[in-house]
Amino acid sequence: MSRPVFRFAPSPNGALHLGHALSALTGFEMARRYGGRFLVRIEDIDTNRGRPEYVHAIFDDLAWLGIGWEEPVLSQSQHFADYRAAAEKLRALGVLYPCFATRNEIVAAADVTKLDPEGALVYPGLWRGRSKEDIEREHALGKPHALRIDMQRAIALIREKLGGAALSFTEFDTVGAAQKTVAEPGRWGDVLVLRKEIPASYFLAVVVDDARQGVTHVTRGMDLYAATDAQRVLQILLDLPEPLYHHHRLILDGNGRKLSKSRGDISLAHLRSEGASPAAIRRLLGLAE
Ligand code: GLU
């Protein structure tokens, strides 16, 4: 039997904090326990926010924690053509449409009571079902567009593909027990598949690369639990294999909020500079030494 494949997939737009340490250590240790492989993937599709110095800092922090990974490391910014090709495949299925709406237009039209699982406004469908003429007019004006998935159409197609069976994913826990969970992608609305300024999106790039790298076990924070619903939709439509998922607890700050790079929450580098040892980090995370 081939070995299971685990991965840690940080976005290099800030310094790693304790939450990342928990993610990386969870994946690494599970890989060791199951005799699996462990990969690191740099999720740098957002070339405006990513910085090479953050990439170096990620490797530094991981090595310091005692984590080893396989080389070469995949950087998503090197693979835009593949995300575009995957989007083309979805387009051929008739589930994508161009969206020329600006952020302001979307906010103005959105229903403030309809929020996605991350608390963002659900896209109000401004460009869903628009005529060819409307689309050509915007193209002729040279306006940039994103590509969105018509989620209801995608769900209908999947229902057909699965012969009526529910769309689901399998969550496994640290002792290896698995639980099937029904996915509810409808709550995400028509998510972006290719963004306006970037020929990729988080949802698409993750599924393309988990498949490309043969990832069998996705370990990541609970904050991405609901994202799995939309990712399963893309996997089924693109005929990609289904990995198992483990979403671990989140590390919260003193106010009960998830740690965030953008708020400048205490980084691993800072803890290191204050003299913390890898063993102390593990203790802070509640992991066995
Ligand atoms: N790149 C994502 C992040 O840093 C994680 C992606 C994933 O694990 O699926 O939040």
Side-chain angles (χ1 to χ4, degrees), residues 4-31 37-51 54-55 57-59 61-62 67 69 73-80 83 86 116-120 169-172 181 183 185 188 191-193 195 198 200-235 238 240-252 257-263 265 267-268:
V5 182
F6 293 75
R7 50 68 159 182
F8 172 57
S11 307
N13 49 22
L16 298 190
H17 52 56
L18 285 172
H20 298 106
L22 180 59
S23 266
L25 285 165
T26 301
F28 176 65
E29 288 182 357
M30 281 192 173
R37 298 167 52 205
F38 183 70
L39 313 177
V40 173
R41 180 167 75 226
I42 300 297
E43 302 220 318
D44 55 353
I45 55 170
D46 197 340
T47 45
N48 285 325
R49 292 178 67 210
R51 301 252 181 288
Y54 288 139
V55 178
I58 287 170
F59 296 145
D61 285 340
L62 295 178
I67 291 173
W69 60 92
V73 166
L74 186 150
S75 292
Q76 291 189 323
S77 59
Q78 304 303 308
H79 294 278
F80 286 123
Y83 311 132
D116 72 18
E118 284 180 352
F169 62 91
T170 302
E171 186 77 16
F172 69 98
T181 308
W188 282 101
V191 290
L192 289 168
V193 168
R195 284 159 51 179
I198 300 171
S201 66
Y202 160 65
F203 286 125
L204 184 66
V206 163
V207 301
V208 167
D209 289 334
D210 281 337
R212 174 212 313 272
Q213 297 187 288
V215 172
T216 55
H217 292 68
V218 172
T219 50
R220 58 187 182 187
M222 202 57 196
D223 51 332
L224 290 169
Y225 185 80
T228 316
D229 294 0
Q231 288 166 359
R232 289 291 299 126
V233 166
L234 298 179
Q235 283 162 352
L238 292 167
L240 301 176
E242 176 185 357
L244 298 171
Y245 291 88
H246 173 75
H247 293 93
H248 61 71
R249 68 194 153 88
L250 296 179
I251 305 294
L252 305 177
R257 288 178 312 192
K258 161 181 110 137
L259 297 184
S260 124
K261 289 181 211 165
S262 49
R263 259 204 332 269
D265 274 317
S267 64
L268 288 176

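Indexing begins at 1, ligand by ligand and atom by atom, following the structure's order.
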- Message: I'd like to check the side chain to side chain donor-acceptor pair (under 3.5 Å) partners of Glu29; sequence neighbours left out, ordered by chain and number.
- Response: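 Listed in chain order: Arg282.
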- Task: Kindly state whether the ring of Phe203 and the ring of Trp188 have centres lying under 6.0 angstrom apart.
- Result: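 Yes.
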Would you check whether [X] has a nitrogen or oxygen atom less than 3.5 angstrom from a nitrogen or oxygen atom of ligand 1?
| X | result |
| --- | --- |
| Arg220 | yes |
| Pro10 | no |
| Gln231 | no |

- Message: On a heavy-atom basis, which atom in Asp209 and which in Gln76 lie closest, and how many Å separate them?
- Response: OD2-NE2, 2.9 Å
- Element-labelled atoms of ligand 1 that are located less than 4.0 Å from some non-hydrogen atom of Ser11: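 This gives 1 (N), 2 (C), 3 (C), 4 (O) as the contact atoms.
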- Message: Which of the numbered atoms in ligand 1 are under 4.0 angstrom from any heavy atom belonging to Glu43?
- Response: 1 (N), 2 (C), 5 (C), 6 (C)
- Task: Check if Tyr202 has a non-hydrogen atom at a distance under 4.0 Å from any atom of ligand 1.
- Result: yes
- Could you tell me whether Arg7 approaches ligand 1 through its side chain, its backbone, both or neither, with non-hydrogen atoms closer than 4.0 Å?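 Side chain only.
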- Task: Could you tell me whether Leu224 approaches ligand 1 through its side chain, its backbone, both or neither, with non-hydrogen atoms closer than 4.0 Å?
- Result: side chain
- Message: In terms of relative ring orientation, are His248 and His246 parallel, tilted or perpendicular, with 30° and 60° separating the classes?
- Response: tilted
- Taking C-beta and beyond as the side chain, do Met30 and Pro4 meet within less than 4.5 Å on heavy atoms?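 Met30 does not reach Pro4 side chain to side chain.
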- Query: Who are the side chain to side chain contact (heavy atoms under 4.5 Å, CB included) partners of Ile42, not counting sequence neighbours?
  - Reply: Pro10, Pro12, Val40, Asp44, Val55, Ile58, Phe59, Val73, Ser75
